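Some notes on the structure that comes next.
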Amino acid sequence: MKHILRAVFLLVVALVVVACGTAVTPVFEEPDEEAVVEAESQVLEVAVQPTETPIPPTSTPEPTAIPATEVPTEAPTEEPTVAPSDPLVRLIASRDAANGEALFNQMYSELGFACATCHHVAVPENLIGPTMLNIREIAATRVEGEIAERYLYNSIVNPNDYIVEGFVEGVMPANWTDVLTDPEIYDIIAYLLTLEEDA
Ligand code: HEC
């Protein structure tokens with residue numbers, strides 16, 4: 001009897017162990033796999049994001065720092081070299097002032113005027129138009145940022161762009177380019193720049 005009872009007891013124990021073993025293992029396996037997959041994907045997301053964000057902050061300061069160092073080195077070297085080498089200044093300095101004087105006094109029958117009809121050259125008084133005496137100095141102050149040479153050229157070619165205070169628009173003929181070439185206008189400007197009061 002004892003043998004039979006022992007055998008039955010062992011059987012029961014074996015069944016319980018088998019039953020527990022089969023019942024317990026599937027419960028543990030299922031959540032484990034999901035948890036591992038989830039945990040892995042979270043680890044991948046977390047690992048990818050921090051490596052991407054640090055790159056833009058380190059790359060953006062570099063391009064902004066480069067132009068900041070380039071600008072101050074270029075700006076001071078350009079400004080002083082442009083003004084003295086203005087091509088119009090050099091061009092007019094090379095022109096024939098004596099021919100300009102002749103052209104200034106010449107009567108243009110198409111227009112019915114000479115420049116000298118309306119402009120004094122030797123006295124500070126105005127005629128129909130303002131005097132040309134000391135015009136080099138005066139012309140440099142007329143339009144802000146405009147050198148005398150350019151102001152004088154514009155005053156002859158487009159006289160209505162700037163009207164001298166106290167004078168009326170439309171009195172000075174605006175069609176001088178019909179009777180004068182550009183080189184002739186440069187000669188006249190070269191002459192006007194010589195009109196300075198004797199000290
Ligand atoms: C019919 C009269 C008349 C004739 C001709 C004339 N001008 Fe004038 N000019 C004027 C008047 C008026 C002004 C002032 C109004 C203005 O700014 O346009 C003037 C202004 C000027 C100025 C600007 C002077 C200043 O103080 O800023 C210049 C330079 C000038 N004339 C040059 C000439 C030259 C060069 C010619 C010949 C090619 C000429 N003018 C022919 C009447 C004349």
Side-chain angles (χ1 to χ4, degrees), residues 60-199:
T60 40
E62 279 171 43
T64 49
I66 292 160
T69 51
E70 278 175 7
V71 170
T73 49
E74 280 176 24
T77 49
E78 273 179 29
E79 277 175 51
T81 51
V82 168
S85 63
D86 190 301
L88 190 63
V89 174
R90 282 185 280 129
L91 180 62
I92 288 168
S94 73
R95 297 304 307 183
D96 184 352
N99 186 48
E101 180 173 10
L103 293 168
F104 190 90
N105 291 305
Q106 185 179 312
M107 171 61 79
Y108 298 91
S109 51
E110 304 95 316
L111 303 183
F113 297 106
C115 303
T117 310
C118 300
H119 294 285
H120 279 312
V121 294
V123 292
E125 284 77 34
N126 300 326
L127 201 54
I128 296 165
T131 182
M132 293 293 113
L133 187 63
N134 297 322
I135 196 67
R136 177 192 279 273
E137 239 176 86
I138 295 162
T141 65
R142 288 290 194 219
V143 177
E144 178 134 18
E146 203 166 85
I147 56 171
E149 286 84 348
R150 201 168 307 282
Y151 171 75
L152 291 172
Y153 181 83
N154 289 338
S155 293
I156 296 163
V157 172
N158 301 304
N160 297 326
D161 281 3
Y162 178 92
I163 303 300
V164 178
E165 206 187 322
F167 293 89
V168 179
E169 183 177 338
V171 175
M172 173 155 165
N175 51 349
W176 288 106
T177 51
D178 291 351
V179 294
L180 294 168
T181 64
D182 258 3
E184 286 174 328
I185 292 169
Y186 297 143
D187 284 354
I188 291 172
I189 296 168
Y191 164 63
L192 294 179
L193 293 172
T194 68
L195 301 173
E196 286 176 283
E197 224 163 357
D198 293 328

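Nothing here was measured: the structure is a model prediction, and the numbers come from that model. Counting starts at 1 for both ligands and their atoms, following the listed order.
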Item to check | Student check: side-chain heavy atoms of E149 and L193 closer than 4.5 Å | outcome: yes
Next on the checklist: If we only consider heavy atoms of T117, is any one of them less than 4.0 Å away from an atom in ligand 1?
Outcome noted: no
Checklist entry - Hey, does I188 have a side-chain heavy atom less than 4.5 Å from the side chain of E184? => result no
Next on the checklist: Tell me the contacting part of L111 for ligand 1: side chain, backbone, both, or neither, using a 4.0 Å heavy-atom threshold, strictly below.
Outcome noted: neither
Checklist entry - Mind checking whether A139 has a heavy atom under 4.0 Å from ligand 1? => result no
Checklist entry - Is there a donor-acceptor contact under 3.5 Å from the side chain of Y153 to the main chain of I185? => result no
Checklist entry - Between OG1 of T117 and CD1 of I128, what distance do you get to the nearest 0.5 Å? => result 7.0 Å
Next on the checklist: Please check whether P159 reaches ligand 1 - meaning an N/O of the residue sits under 3.5 Å from an N/O of the ligand, judged on distance alone.
Outcome noted: yes
Next on the checklist: Could you check whether any heavy atom of I135 sits closer than 4.0 Å to an atom of ligand 1, since that is the contact criterion I want to use?
Outcome noted: yes
Checklist entry - F113 heavy atoms, cut-off 4.0 Å: which ligand 1 atoms fall inside? => result 1 (C), 5 (C)
Next on the checklist: When you compare the side chain of I189 with that of Y151, does any pair of heavy atoms fall below 4.5 Å?
Outcome noted: no
Checklist outcome for this item: A student comparing R142, H119, E169 should find that the heavy atom closest to atom 6 (C) of ligand 1 comes from H119
Checklist entry - Can you name the nearest heavy-atom pair linking A114 to N105, along with the distance? => result CB-O, 3.8 Å
Item to check | atom 42 (C) of ligand 1: nearest protein contact (heavy atom, Å) | outcome: M172 CB, 3.4 Å
Next on the checklist: I need the nearest protein heavy-atom contact for atom 15 (C) of ligand 1: residue, atom name and distance, please.
Outcome noted: F167 CB, 3.7 Å
Checklist entry - Would you call M132 a ligand 1 contact, heavy-atom distance under 4.0 Å? => result yes
Checklist entry - At a 4.0 Å threshold, what atoms of ligand 1 neighbour a non-hydrogen atom of I156? => result 35 (C)
Next on the checklist: A side-chain contact here means heavy atoms from C-beta on lying under 4.5 Å apart; do L91 and Y186 qualify?
Outcome noted: yes
Next on the checklist: Could you check whether N99 and D187, counting side-chain N and O atoms only, form a donor-acceptor pair closer than 3.5 Å?
Outcome noted: yes
Checklist outcome for this item: Within 4.0 Å of some non-hydrogen atom of A114, the atoms of ligand 1 are 5 (C)
Item to check | Nearest non-hydrogen protein atom, atom 13 (C) of ligand 1 | outcome: P130 CD, 3.4 Å
Next on the checklist: Between N134 and E196 (side chain of the first, backbone of the second, donor and acceptor by atom type, cut-off under 3.5 Å), is there such a pair?
Outcome noted: no
Checklist entry - What part of Y162 sits under 4.0 Å from ligand 1 if we count only heavy atoms: the side chain, the backbone, both or neither? => result backbone
Item to check | Aromatic plane relationship, H119 with F104 - under 30° parallel, 30 to 60° tilted, over 60° perpendicular | outcome: tilted
Next on the checklist: Looking only at protein heavy atoms, which one is nearest to atom 41 (C) of ligand 1, and what is the separation?
Outcome noted: W176 CZ2, 3.4 Å
Checklist entry - Looking at I188, which atoms of ligand 1 are within less than 4.0 Å of one of its heavy atoms? => result 35 (C)
Checklist entry - Side chains of L103 and Y191: does their closest heavy-atom pair fall under 4.5 Å? => result no
Next on the checklist: Considering C115, G129, P173 one by one, which has a heavy atom nearer to atom 37 (C) of ligand 1 than any of the others?
Outcome noted: C115
Checklist outcome for this item: For atom 12 (C) of ligand 1, the closest protein heavy atom turns out to be I128 O, 3.6 Å
Checklist outcome for this item: Note: L152, heavy atoms under 4.0 Å from ligand 1, region reported as side chain
Checklist entry - Is it true that Y151 lies under 4.0 Å from ligand 1, counting heavy atoms only? => result yes
Item to check | Any N/O pair V164/ligand 1 closer than 3.5 Å | outcome: yes
Next on the checklist: Starting from atom 3 (C) of ligand 1, what is the nearest protein heavy atom, named by residue and atom, and what distance separates them?
Outcome noted: C118 SG, 2.7 Å
